[in-house]
Amino acid sequence: MDCRVLSVQSHVVRGYVGNKSASFPLQVLGFEVDTINSVQFSNHTGYEHWKGQVLTADELHVLYEGIKLNNVNQYDYVLTGYTRDDSFLDTVVDIVQELKRANPSLVYVCDPVLGDNGAMYVPENLLPIYRDKVVPAADIITPNQFEAELLTGRHISSEKDAVEVMKQLHSMGPDTVVITSSDLPSSLGAQYLVALGSQKRVRADGTLTTQQIRMDIPKEDAVFVGTGDLFAAMLLAWTHIHPNDLKVACEKTVSVIHHVIKRTITYANEAAGPNRKPSPAQLELRMVQSKADIEDPVIVLNAVVL
């Protein structure tokens with residue numbers, strides 16, 4: 001497989017978030033990954049201290065121009081995550097559209113990072129750019145429930161609501177929508193969160209079909225950073241390998257994350273010692289140690305077709 005991804009995300013010197021969380025797993029699965037670092041920080045902002053620089057829209061444009069001048073701007077995928085600046089996000093969309101003109105089969109995977117738990121943690125002026133420009137350009141999006149509600153202006157209080165919201169997001173552009181987490185009740189109990197997905201695809205006879213799935217995912221009593229970036233990267237990889245089966249792609253994506261988190265929490269608890277809360281450094285994802293699980297994940301979580 002000679003498949004190349006342009007990933008525009010944050011970078012940290014220590015730990016796994018943004019491009020650090022996405023690049024290694026994609027490379028393990030055989031993808032070539034070119035990275036543009038939207039920020040370069042010492043570590044993620046959950047630590048007590050962090051330092052670093054933020055890439056401007058002009059600097060992003062200069063980097064892309066350098067790639068283009070050498071005629072090495074041919075990509076199969078673009079992957080984007082956290083962004084704080086409106087002009088930077090506008091420039092990302094311009095680059096995606098230019099790359100799609102050069103390769104109409106290019107797939108744009110977007111994690112529209114806006115906020116969670118009822119609060120935005122990016123400037124509000126990014127919402128209309130995501131809604132009116134980014135989502136229409138995207139092929140695969142991975143919002144959480146709050147982000148899906150912001151993008152559609154609709155509240156989700158039931159599975160039926162979630163299906164309608166995913167339909168509305170389809171109508172805005174993307175063929176694949178995965179709501180990575182929601183507050184919907186799980187039939188397995190309060191220790192599970194619910195994720196939902198929907199994929200539009202064309203059958204061999206030319207007719208359109210939609211596969212919708214639901215997953216019940218066990219919660220962990222710890223704060224992990226970088227799991228959303230890993231989710232988007234793994235969904236890119238597994239939908240590439242299983243392009244017409246969202247159920248299998250999501251099962252493999254979520255199972256990879258499950259194995260990484262289990263290994264991370266085991267290590268963090270041992271490192272912290274009895275009755276001590278692990279530090280952000282101890283809770284950094286055990287990515288390298290999970291190489292075998294990334295390559296060939298044992299399926300531990302099954303999706304249900306709706």
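Since this is a predicted model, take the numbers as computed values, not measurements.
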* Can you check whether Ile140 reaches Val107 side chain to side chain, under 4.5 Å on heavy atoms? ->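 A side-chain contact exists here, since the closest heavy-atom pair is under 4.5 Å.
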
* Asked: Within the distance-only criterion (no hydrogens, no angle test), does the side chain of Lys100 pair as donor or acceptor with the backbone N or O of Ala137 below 3.5 angstrom?
  ->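 Side chain of Lys100 to backbone of Ala137: a pair is present.
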
* Asked: Would a 4.5 Å heavy-atom cut-off, applied to side chains only, mark Thr91 and Ile95 as touching?
  ->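 A side-chain contact exists here, since the closest heavy-atom pair is under 4.5 Å.
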
* To do: Answer with yes or no whether the hydrophobic clustering places Leu236 together with Val33; edges join I, L, V, M, F, W, Y residues whose side-chain heavy atoms lie under 4.5 Å apart.
  =>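 Linked, Leu236 and Val33 end up in one cluster.
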
* What distance do Lys68 atom NZ and Gln74 atom CD have between them, rounded to the nearest 0.5 Å? ->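 Going from NZ on Lys68 over to CD on Gln74, the span is 12.0 Å.
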
* Apply side chain to side chain contact (heavy atoms under 4.5 Å, CB included) to the pair Ile261 and Thr227, showing each step before the final yes or no. => CA-CA 8 Å; Ile261 284 177; Thr227 50; 3.9 Å; yes

* Once you round to the nearest 0.5 Å, how far does CD of Glu149 lie from NE2 of His155? ->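 Between atom CD of Glu149 and atom NE2 of His155 there are 5.5 Å.
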
* **For Glu295 against Trp238, the heavy-atom pair lying closest together** =>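 In this case the closest contact between Glu295 and Trp238 is O-CH2, 3.9 Å.
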
* Looking at Tyr130 and Val113, what are the two nearest heavy atoms and their distance? ->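 Reported closest heavy-atom pair: OH-N, 3.9 Å.
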
* Asked: Any side-chain heavy atom of Ser182 within less than 4.5 Å of one from Leu193?
  ->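 No. Closest side-chain heavy atoms not under 4.5 Å.
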
* Check for a donor-acceptor pair, side chain of Glu159 on one end and backbone N or O of Arg214 on the other, with a separation under 3.5 Å. =>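 No.
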
* Do Asn19 side-chain atoms and Gln9 backbone N/O form a donor-acceptor pair below 3.5 Å? ->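 Yes; judged by distance alone, with no hydrogens or angles, the pair exists.
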
* To do: For Tyr108 and Thr80, test the side chains for any donor-to-acceptor distance below 3.5 angstrom and give the result as yes or no.
  =>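 Yes, because at least one side-chain N or O of Tyr108 sits under 3.5 Å from a partner of the opposite role on Thr80.
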
* Could you tell me whether the side chain of Asp90 and the main chain of Ser87 form a donor-acceptor pair under 3.5 Å? =>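 Not at all, since once roles are kept as given, no pair shorter than 3.5 Å links the two residues.
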
* Is the closest side-chain heavy-atom distance between Pro128 and Arg131 below 4.5 Å? ->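 Yes; the side chains approach each other to less than 4.5 Å.
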
* Asked: Does atom CG of Asp205 have more than 12 heavy-atom neighbours, drawn from other residues, nucleotides or ligands, at distances under 6.0 Å?
  ->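 More than 12 heavy atoms, drawn from other residues, nucleotides or ligands, come within 6.0 Å of this atom.
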
* Pairing of Arg201 and Asp175 as salt bridge, 4.0 angstrom limit ->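 No, Arg201 and Asp175 are not salt-bridged.
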
* Salt-bridged, Arg14 to Glu284, with N to O below 4.0 Å? ->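 No.
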
* Rounded distance (nearest 0.5 Å) linking atom OG of Ser181 with atom CD1 of Ile217 ->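 These two atoms lie 8.0 Å from each other.
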
* To do: Starting from the C-alpha separation in whole Å, work towards a yes-or-no answer on side chain to side chain contact (heavy atoms under 4.5 Å, CB included) for Leu151 and Leu114.
  => CA-CA 9 Å; Leu151 290 167; Leu114 290 162; 4.1 Å; yes

* **Residue pair Asn73 / Tyr64, side-chain donor-acceptor N/O under 3.5 Å** =>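 Yes, because at least one side-chain N or O of Asn73 sits under 3.5 Å from a partner of the opposite role on Tyr64.
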
* Of all heavy-atom pairs between Gly46 and Pro280, which one has the smallest distance, and what is that distance? ->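 Minimum heavy-atom contact is O-CG, 3.7 Å.
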
* Distance-only polar pair, side chains of Thr56 and Asp58, donor-acceptor under 3.5 Å ->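 Thr56 vs Asp58: no donor-acceptor pair found between side chains.
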
* Any donor-acceptor pair under 3.5 Å linking the side chain of Asn43 with the backbone of Val12? ->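 Side chain of Asn43 to backbone of Val12, a donor-acceptor pair under 3.5 Å: no, none is there.
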
* Any donor and acceptor pair, going by atom type alone, linking the side chain of Thr83 with main-chain N or O of Leu89 inside 3.5 Å? ->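 Not confirmed, Thr83 side chain does not pair with Leu89 backbone.
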
* To do: Give a yes-or-no answer on whether the side chains of Glu164 and Gln168 include a donor-acceptor pair shorter than 3.5 Å.
  =>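 Distance-only check fails for Glu164 and Gln168.
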
* Asked: Any Lys/Arg nitrogen of Lys219 or Asp221 sitting under 4.0 Å from an Asp/Glu carboxylate oxygen of the other?
  ->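 Salt bridge flag = no for Asp221 with Lys219.
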
* Would you confirm whether the ring centroid of Tyr16 sits within less than 6.0 angstrom of the ring centroid of His44? =>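 For His44 and Tyr16, the ring centres are not under 6.0 Å apart.
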
* Asked: Nearest 0.5 Å, what's the CG-CE distance between Leu29 and Met234?
  ->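 Rounded to the nearest 0.5 Å, the CG-CE separation comes out at 5.0 Å.
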
* Taking atom types as modelled and ignoring hydrogens, do the side chains of Arg263 and Ser290 form a donor-acceptor contact shorter than 3.5 angstrom? ->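 Short answer, yes.
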
* **Side-chain donor-acceptor contact under 3.5 Å, Lys247 with His242** =>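 Not at all, the side chains of Lys247 and His242 share no donor-acceptor pair under 3.5 Å.
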
* Could you tell me the separation between the NZ atom of Lys133 and the CG atom of Asp86, rounded to the nearest 0.5 Å? =>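 Atom-to-atom, Lys133:NZ and Asp86:CG are 9.0 Å apart.
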
* Do any N or O atoms from the side chain of Gln211 and from the backbone of Val305 form a donor-acceptor pair under 3.5 angstrom? ->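 Here the side-chain-to-backbone pair does not exist.
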
* To do: Pick out which of Leu79, Asp229, Thr35 makes a side-chain contact (heavy atoms from CB on, under 4.5 Å) with Ser23.
  =>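 It is Thr35, the one option of Leu79, Asp229, Thr35 that forms the side-chain contact (heavy atoms from CB on, under 4.5 Å) with Ser23.
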
* Asked: What are the two closest non-hydrogen atoms of Glu147 and Tyr121, and how far apart are they?
  ->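 So the minimum-distance heavy-atom pair works out to OE2-OH, 4.5 Å.
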
* Without swapping roles, check the side chain of Gln282 against the backbone of Ser279 for a donor-acceptor pair under 3.5 Å. =>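 It does hold such a pair.
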
* Asked: For Leu246 and Ser198, which heavy atoms make the closest approach, and how far apart are they?
  ->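 Looks like CD2-N, 3.4 Å.
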
* **Close side-chain approach of Val260 and Phe224, heavy atoms under 4.5 Å** =>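 Val260 vs Phe224: side chains apart.
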
* Are Tyr77 and Cys3 close enough that some pair of their side-chain heavy atoms sits under 4.5 Å apart? ->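 In contact.
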
* Asked: Could you state the interatomic distance from CE (Met215) to OG1 (Thr180), rounded to the nearest 0.5 Å?
  ->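 With rounding to 0.5 Å, CE (Met215) is 12.0 Å from OG1 (Thr180).
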
* Can you tell if the side chain of Asn37 reaches within under 4.5 Å of the side chain of Leu55, non-hydrogen atoms only? ->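 Result no, sub-4.5 Å side-chain heavy-atom pair not found.
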
* With side chains defined as the heavy atoms from C-beta onward, is the minimum distance between Ser255 and Val298 less than 4.5 Å? ->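 The answer is no, as the side chains (C-beta and beyond) never meet within the 4.5 Å cut-off.
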
* Flag, side chain of Lys20 to backbone of Val13, donor-acceptor distance under 3.5 Å ->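 Indeed, once roles are kept as given, a pair shorter than 3.5 Å links the two residues.
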
* Short question: side chain of Ser186, backbone of Leu188 - any donor-acceptor pair under 3.5 Å? ->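 Judged by distance alone, yes, a pair lies under 3.5 Å.
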
* Provide the closest heavy-atom pair for Asp293 versus Val256 in the form atom of the first, atom of the second, distance. =>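 Heavy atoms of Asp293 and Val256 come nearest at O-CG2, 3.7 Å.
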
* To do: Identify whether Val5 and Leu235 are in the same connected component of the hydrophobic contact network (ILVMFWY, side-chain heavy atoms under 4.5 Å).
  =>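 Both belong to a single hydrophobic cluster.
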
